[in-house]
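Remarks on the structure that follows.
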Amino acid sequence: MKIDLTETTSSKINQALVSARRAIGTPAIGMVLTLVIVTDEENAYDALKSAGDASREHPSRIIAVIKRVSRSPRARRDARLDAEVRVGSDAGTGETVVLRLHGELANHAQSVVLPLLLPDAPVVVWWPEDAPADAAKDPLGALAQRRITDGYSAERPLDELAVRAATYSPGDTDLSWTRITPWRSMLAAALDQQPAQVIGATVEGESDNPSCELLAMWLADRLGVPVERTLSGGPGLTAVRMETKNGVIVLDRADGSLATLSMQGQPDRAVALKRRDTAELLAEELRRLDPDNTYESAVKFGVEKLHAGGEVKATPVASAEEKTAEGGQKAPAAKKAPAKKAAAK
């Protein structure tokens, strides 16, 4: 069910939500949190779809805040709130409220959102793009226990990492960090199977990818070893190599889907390591609402070197096609030049 409200108020939106629940025969509220999405018209559809898919695991009230840009000075002075209420099959497993704020009201979104929050339930704010520099001090971010940004969508992703480190507050996280969860789990499991002192590591991936930088900083922070950053054609992260006193541990994913784990004295193993969509990433972040201390430590490690060292410069490694010569034999990989080192403190 969908209900359109023009020139409305927060009180009328709440009344519409109650009426809609009664109309479809579900007067009880079974939602566990409020997810506030701050976006624009261009990205609203994709963001709402991802949030709706994630709500199947975490039933929630989804509030999309869309600030409409007024073209004339008179229109900017006029404040107007339009809303769309969705319940039932049109809203996943919870409720969805789409708010369009016009004129001066766009500068006071928190006053509209506050009456619509679920009582006694956690609040999560997500910026799919154009996140504020200091999410915790943003008027909407101040309402939330968790604040989710996405450095990958920024114009300068590596500079965005430095901003997140400088303004970090407990409860902040980034989908660039969430994307490397399977990599971190696999590398930790590999070290458990072959316990040995790590003396160095290399992270290989495409340029301007904040997930690659975060993984490199996480390894340098947790292992206390030099970590080299090299470039490849992607997609995303393509390989991690850890030098140990017992040999090399390599996790190589050339196609963005299936990876190969190689360790000294053991046969190579195929590992499912596909690139996940936004709904899966969002669902993972909604599973925990406490501060992520590991993310804090990783994002703050060596971030200043991103600016000091300038852009990453390295010789791109060979693609998956280039690595395969005629007859199914592997051709020698292109030589990798060192790009950027996240040296241990």
Side-chain angles (χ1 to χ4, degrees), residues 31-39 47 50-51 54-55 57-58 60-63 65 109-110 113-114 116-154 157-185 188 210-211 213-224 278 280-307 342 344-345:
M31 291 163 285
V32 298
L33 59 88
T34 302
L35 174 62
V36 180
I37 307 172
V38 186
T39 184
S50 297
S55 73
E57 181 177 339
H58 310 277
S60 55
R61 174 176 289 179
I62 301 169
I63 302 175
V65 178
Q110 72 280 6
V113 171
L114 186 59
L116 301 176
L117 302 178
L118 290 173
D120 302 322
V123 178
V124 179
V125 178
W126 172 37
W127 291 269
E129 68 288 313
D130 297 328
D134 193 337
K137 292 184 179 179
D138 180 82
L140 286 173
L143 301 176
Q145 285 77 39
R146 286 282 274 181
R147 294 164 295 275
I148 304 173
T149 57
D150 190 354
Y152 195 80
S153 66
L158 302 189
D159 289 350
E160 186 73 6
L161 282 181
V163 172
R164 295 297 146 223
T167 62
Y168 177 85
S169 292
D172 290 356
T173 191
D174 196 282
L175 294 186
S176 299
W177 173 253
T178 318
R179 289 184 179 94
I180 62 174
T181 299
W183 286 82
R184 294 189 295 118
S185 299
S211 295
E213 302 295 331
L214 279 170
L215 185 60
M217 291 189 288
W218 173 72
L219 286 171
D221 179 49
R222 305 304 293 180
L223 298 176
T278 305
E280 293 179 271
L281 301 174
L282 190 58
E284 178 183 326
E285 284 301 333
L286 296 180
R287 290 182 198 131
R288 58 175 302 168
L289 299 176
D290 58 316
D292 190 341
N293 296 327
T294 307
Y295 165 70
E296 176 188 4
S297 182
V299 77
K300 288 183 176 180
F301 180 88
V303 173
E304 70 281 354
K305 296 170 187 170
L306 297 178
H307 291 285
K345 290 183 177 179

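- For the pair Gln145 and Val123, the minimum side-chain heavy-atom distance is below 4.5 Å.
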Going through the checks in order, is the side-chain contact (heavy atoms from CB on, under 4.5 Å) test met by Asp172 and Thr149?
CA-CA 8 Å; Asp172 290 356; Thr149 57; over 6 Å; no

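- Ile37 has its side chain within reach of Leu35: a pair of non-hydrogen atoms, C-beta onward, lies under 4.5 Å apart.
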Mind running side-chain contact (heavy atoms from CB on, under 4.5 Å) on Thr181 and Arg184 for me, showing each step along the way?
CA-CA 5 Å; Thr181 299; Arg184 294 189 295 118; 3.6 Å; yes

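- Nearest heavy-atom pair across Arg61 and Met31 is N-SD, 3.6 Å.
- The side-chain heavy atoms of Val36 and Leu143, taken from C-beta on, include no pair separated by under 4.5 Å.
- Rounded to the nearest 0.5 Å, atoms CG (Leu281) and CG (Leu175) are 5.5 Å apart.
- For the atom pair Leu214 CG and Leu161 CG, the distance stands at 5.0 Å (nearest 0.5 Å).
- Across all their heavy atoms, Ser153 and Pro128 have their closest contact at OG-O, 3.1 Å.
- One distance of note links CD1 of Ile148 with CG of Leu286; it measures 5.5 Å at 0.5 Å rounding.
- Considering every non-hydrogen atom in both Lys300 and Ala165, the closest pair reads CE-O, 3.9 Å.
- Taking every heavy atom of both residues into account, Ala54 and Ala283 meet most closely at CB-N, 4.0 Å.
- Side-chain contact check for Leu33 versus Leu118: every heavy-atom pair is 4.5 Å or farther apart.
- Judged purely by distance below 3.5 Å, without hydrogens or angles, the side chains of Trp177 and Asp292 pair a donor atom with an acceptor atom.
- Put simply, the side chain of Trp218 does not reach to within 4.5 Å of the side chain of Asp221, judged on heavy atoms.
- Between Arg147 and Trp127, the closest side-chain pair of non-hydrogen atoms falls below 4.5 Å.
- With a 4.5 Å cut-off on side-chain heavy atoms, Tyr152 and Pro210 count as touching.
- Interatomic distance, His58 NE2 to Leu282 CG, rounded to the nearest 0.5 Å: 8.0 Å.
- For the pairing with Thr178, the side chain to side chain donor-acceptor pair (under 3.5 Å) check across Glu280, Glu284, Glu285 returns one residue only, Glu285.
- Looking at every heavy atom in both residues, Met217 comes nearest to Phe301 through SD-O, 2.7 Å.
- Across all non-hydrogen atoms, the minimal contact from Ser176 to Asp150 is OG-OD1, 3.8 Å.
- Under the 4.5 Å side-chain criterion, counting only non-hydrogen atoms from C-beta, Arg146 is in contact with Thr173.
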